[in-house]
There are 2 protein chains.
Amino acid sequence: MVVYNELDDAAVDRIFRALADATRRDIVRRTLTEEASVSELARDYEMSFAAVQKHVAVLEAADLVAKIPRGRERIVRGNPETIRRAQELLGRFEQLWRGRIDRLDALLAEEPETN
Amino acid sequence: MVVYNELDDAAVDRIFRALADATRRDIVRRTLTEEASVSELARDYEMSFAAVQKHVAVLEAADLVAKIPRGRERIVRGNPETIRRAQELLGRFEQLWRGRIDRLDALLAEEPETN
DNA sequence: GTAATTTGCAACCAAATGGTTGTATATAAT
DNA sequence: ATTATATACAACCATTTGGTTGCAAATTAC
């Protein structure tokens, strides 16, 4: 099973950019736990419907949510897979750091006299 | 031991915003594996020194790197702790989703006849 | 059929972002 | 002491962002 996780720079940009806003993070949280239409979401924020609609669009472009048509509504559903990928990316950063520490440790173990 | 991980919305905004740029992500990667001065970093990107300096400032404001004075240089060092916190945040999102699935499963197990 | 709800989208605006160049200051090298 | 290097920072500019209002279209309710 090939789980291809190739996210190009632009896609990663969109994901982190989308997460860099408290309203959008809240929408992701909400729609991960329960689906909601755009207007249901909009009711809970102190901004216009159109503003919330734009936030949802930003999240959708980043594939952090999907919008599913149901009658005249669009049901917004959080996408855990993209969250997982973002987490994975950060995990690789941490791995890099761990690699450096391991190399430093190895160096100290090999050549203690050079200290 | 209290490991306080209280990041307010603005701090989280800064972290994800800072990560939403390929050059900045590259700087974080590099400085997690090996320290580098601002000018050493600047040499490797196709933009002015001042532009790279600004990117480093954005990362510093998000606490993704620290700048340590050494002579006339400023050594940039990636901060794995902030990366870990961001990862943790995303982990909580995933946890929310998992919680929903668990609840749905429980519901199905409890009342199979309502299906 | 008419009215109400939900969404999409365009036009507009202020503020933030990501780049530039130029100048000043501190440190290091000669 | 002078020169070169590294950084900081201001001013400027174009583009993007995050909000607004207004209008059109699709669906649902009466």
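Please read these numbers as outputs of a predicted model, since none were measured by experiment. Lettering of chains follows the sequences in order, A, B, ..., and the numbering in each one begins at 1.
Distance NZ (Lys54(A)) to P (dG18(D)): 9 Å, rounded to an integer number of Å. Whole-Å rounding puts the Phe49(B) CZ to dA24(C) P distance at 17 Å. Between His55(B) atom NE2 and dA8(D) atom P there is a gap of 15 Å when expressed in whole angstrom units. Here the C1' atom of nucleotide dA29(C) and the CZ atom of Arg72(B) are 7 Å apart, to the nearest Å. Distance, Glu73(B) CD to dA29(C) P: 10 Å, rounded to whole Å. Remark: C1' of dA26(C) and CZ of Arg74(B) are 8 Å apart, rounded to the nearest angstrom. Per the geometry, CG belonging to Leu59(A) stands 13 Å off P belonging to dT17(D), to the nearest Å. Atom C1' of nucleotide dT17(D) and atom CG of Asp21(B) are separated by 15 Å, given to the nearest angstrom.
At the heavy-atom level, Ala57(B) lies nowhere under 4.0 Å from the strands shown. When heavy atoms are screened at a 4.0 angstrom cut-off, Ser39(A) is found touching the sugar-phosphate backbone but no base atom.
Here Gln53(B) reaches the OP1 or OP2 of dA8(D): one of its side-chain N or O atoms lies under 4.0 Å away. Taking side-chain N and O atoms only, Arg70(A) has no distance below 4.0 Å to OP1 or OP2 of dA26(D). Note on Arg24(A): a side-chain N or O is less than 4.0 Å away from OP1 or OP2 of dG18(D). Not one side-chain nitrogen or oxygen of Lys67(A) sits closer than 4.0 Å to the OP1 or OP2 atom of dT7(C). Taking side-chain N and O atoms only, Ser48(A) has a distance below 4.0 Å to OP1 or OP2 of dT20(D).
Of all non-hydrogen atoms in Asp44(A) and Arg30(A), the two that sit nearest each other are OD2-NH1, 2.7 Å.
Place Thr23(A) and Ser37(B) on DNA chain D by their nearest nucleotides, and Ser37(B) ends up nearer the 5' end. In this structure, Val58(B) and Ala50(B) both approach DNA chain C, and ranking their closest nucleotides by distance from the 5' end singles out Val58(B). For Glu40(B) and Ala20(A), each mapped to the nucleotide of DNA chain D holding its nearest heavy atom, the one lying further toward the 5' end belongs to Glu40(B).
To the nearest 0.5 Å, atoms CZ (Phe16(A)) and CG (Leu19(B)) are separated by 5.0 Å.
A side chain to side chain contact (heavy atoms under 4.5 Å, CB included) with Leu90(A) holds for exactly one of Ile83(B), Thr82(B), Val28(B); it is Ile83(B). Residue His55(A) is tested with Ile27(A), Leu41(A), Val38(A) for a side chain to side chain contact (heavy atoms under 4.5 Å, CB included); the sole match is Ile27(A).
With respect to the salt-bridge test (charged N to carboxylate O, under 4.0 angstrom), the residues Asp63(B) and Arg85(B) do not qualify.
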